[in-house]
Amino acid sequence: LFDGRINDIAFSPDGKFIAVAGTNKVVGEVDLTAGKLSFVERGFHSSVGNLLHLGSHSILAAERTNSPEKLCRVISINKEKQGNEIVSILTGSVTSLVKFGETGAAYTGRNGALGLISLKGKPREVKAIKVGNDYPRLAAENSNAMHGVFFNKDARYFTYGKDQIRLHNSVRLESVAKRATWVTTKKSEKIVYLTHSGVIKVLHVDSKNQSISRGRAQTS
């Protein structure tokens with residue numbers, strides 16, 4: 001039981017644990033096989049809004065605040081090594097945190113920041129740029145291909161390689177997107193996103209030509 005609202009959960013890669021983020025400046029890990037808490041981490045500066053579970057009791061946690069001037073952090077929590085480390089600090093909330101490739105993660109910030117984190121060994125920030133988009137969110141492909149899309153009123157395709165973030169084409173959205181995921185099947189790649197108005201929509205991905213295009217709306 002966590003006091004306050006739960007902001008986010010994230011499964012471990014093996015599916016045996018869930019990381020839990022709470023508004024009450026707390027992160028916890030639940031052992032699903034034992035049906036109990038593994039640990040609780042307190043003392044964050046703000047509410048924790050986004051999580052990634054990296055396995056082996058290792059979690060990336062991102063702070064969220066209502067103040068655009070307050071500093072928020074992306075923090076690496078590792079209970080096996082018994083130590084927390086700051087990976088990145090930005091002004092205003094972290095708006096999204098996702099896996100990016102097999103050995104990376106990416107975040108976006110309320111101030112329009114896009115940052116990439118290496119997960120090889122100790123998590124560390126390797127690149128950060130301003131994308132000029134207030135409250136951007138992020139969807140990233142969880143594969144060796146370092147491709148992603150950040151969005152709000154527009155969706156923008158980007159790639160990462162040789163220590164450079166490259167921006168490609170963009171698509172104007174009919175409604176502001178709140179959350180999205182990258183879906184890969186044998187036949188196609190798509191970005192599925194949820195709008196403010198409660199509609200689920202699709203963007204088609206052409207990773208070969210590094211572009212996205214509008215798909216048909218799917219209502220629910």
Side-chain angles (χ1 to χ4, degrees), residues 4-11 18-23 46-52 60-68 72 74 90-100 105-116 129-143 145-160 165-185 187-207 209-220:
R5 187 174 66 244
I6 298 299
N7 285 332
D8 196 19
I9 64 169
F11 282 92
I18 290 179
V20 181
T23 57
S46 301
S47 170
V48 180
N50 299 96
L51 290 173
L52 284 178
L60 275 184
E63 294 175 329
R64 184 171 74 186
T65 177
N66 291 325
S67 170
C72 285
V74 178
L90 57 157
T91 304
S93 294
V94 179
T95 54
S96 61
L97 179 66
V98 299
K99 282 293 296 293
F100 193 80
Y107 69 83
T108 51
R110 176 176 179 169
N111 62 349
L114 166 63
L116 301 182
I129 65 170
K130 287 292 185 69
V131 296
N133 187 347
D134 290 339
Y135 284 98
R137 277 17 181 229
L138 186 64
E141 183 182 13
N142 188 11
S143 74
M146 301 289 274
H147 297 206
V149 171
F150 63 85
F151 58 91
N152 188 347
K153 294 181 179 178
D154 300 278
R156 187 76 179 263
Y157 195 102
F158 71 94
T159 56
Y160 177 73
I165 298 174
R166 294 177 174 83
L167 304 180
H168 303 284
N169 82 304
S170 63
V171 172
R172 185 70 175 178
L173 303 180
E174 297 172 359
S175 179
V176 174
K178 289 292 290 180
R179 179 164 291 199
T181 187
W182 190 304
V183 179
T184 302
T185 67
K187 295 183 178 180
S188 66
E189 292 179 285
K190 299 176 182 179
I191 301 294
V192 180
Y193 67 95
L194 175 67
T195 72
H196 263 304
S197 56
V199 179
I200 298 172
K201 294 191 175 185
V202 174
L203 293 174
H204 296 291
V205 177
D206 183 351
S207 56
N209 295 308
Q210 298 175 339
S211 67
I212 52 176
S213 58
R214 202 184 311 277
R216 294 180 179 177
Q218 302 293 321
T219 59
S220 176

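As a basis for the values below, the full set of heavy atoms in this structure was taken, side chains included, without hydrogen atoms, waters or symmetry mates.
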Enquirer: Can Ser93 and Thr65 be counted as having a side-chain donor-acceptor contact under 3.5 angstrom?
Expert: no
Enquirer: Just checking, any donor-acceptor pair under 3.5 angstrom between side chains of Arg137 and Asn152?
Expert: no
Enquirer: With a 4.5 Å heavy-atom cut-off, do Val20 and Ile6 have their side chains touching?
Expert: yes
Enquirer: OG1/Thr95 to CG/Leu90 distance, rounded to the nearest 0.5 angstrom?
Expert: 8.5 Å
Enquirer: Check whether any side-chain heavy atom of Arg64 sits under 4.5 Å from a side-chain heavy atom of Asn7, and report yes or no.
Expert: yes
Enquirer: Might you confirm whether atom CG of Asn209 has over 12 heavy atoms from other residues, nucleotides or ligands at distances under 6.0 Å?
Expert: yes
Enquirer: Tyr107: which residues meet the ring-ring contact (aromatic ring centres under 6.0 Å, His included) condition with it, sequence neighbours left out?
Expert: none
Enquirer: List in chain and number order the residues that pass salt bridge (Lys or Arg N to Asp or Glu O under 4.0 Å) with Arg5, two or more places apart in sequence or in another chain; answer none if no residue qualifies.
Expert: none
Enquirer: How far apart are the closest heavy atoms of Ala139 and Trp182, and which atoms are they?
Expert: O-CE3, 4.1 Å
Enquirer: Glu174: which residues meet the side chain to side chain contact (heavy atoms under 4.5 Å, CB included) condition with it, sequence neighbours left out?
Expert: Lys201, Arg214
Enquirer: If you define the side chain from C-beta out and look only at heavy atoms, does anything of Lys190 sit under 4.5 Å from Ser188?
Expert: yes
Enquirer: With distance as the sole criterion, is a donor-acceptor pair present between the side chains of Ser96 and Asn50 under 3.5 Å?
Expert: no
Enquirer: Taking only residues two or more places apart in sequence, or in another chain, which ones meet Ala155 in a side chain to side chain contact (heavy atoms under 4.5 Å, CB included)?
Expert: Val149, Phe151, Leu173, Leu203, Ile212
Enquirer: Please name all residues satisfying side chain to side chain contact (heavy atoms under 4.5 Å, CB included) with Ala140, sequence neighbours left out, ordered by chain then number.
Expert: Val98, Phe100
Enquirer: Would His147 and Glu189 satisfy side-chain contact (heavy atoms from CB on, under 4.5 Å), going step by step from the backbone distance to the final call?
Expert: CA-CA 11 Å; His147 297 206; Glu189 292 179 285; over 6 Å; no
Enquirer: Take Val94 and Glu63 through the side-chain contact (heavy atoms from CB on, under 4.5 Å) test and state the conclusion after the steps.
Expert: CA-CA 6 Å; Val94 179; Glu63 294 175 329; 5.7 Å; no
Enquirer: With the side chain counted from C-beta on, respond yes when Met146 and Thr159 share a heavy-atom pair under 4.5 Å apart, and no when they do not.
Expert: no
Enquirer: Taking atom types as modelled, find out whether Ser211 and His168 have a side-chain donor-acceptor pair closer than 3.5 angstrom.
Expert: no
Enquirer: For Val183, check side chain to side chain contact (heavy atoms under 4.5 Å, CB included) against everything at least two apart and list the hits.
Expert: Thr181, Thr185, Val192
Enquirer: Would you call the rings of Phe158 and Phe150 parallel, tilted or perpendicular, where under 30° means parallel and over 60° means perpendicular?
Expert: tilted
Enquirer: If you compare all heavy atoms of Pro136 against all heavy atoms of Gly109, which two are closest, and at what distance to 0.1 Å?
Expert: CD-O, 3.1 Å
Enquirer: Looking only at non-hydrogen atoms, find the nearest pair between Arg110 and Asn66 and report the distance.
Expert: NH1-O, 3.3 Å
Enquirer: Taking all atoms of both residues into account, what is the closest heavy-atom pair of Ala105 and Leu60, and its distance?
Expert: CB-CD1, 4.1 Å
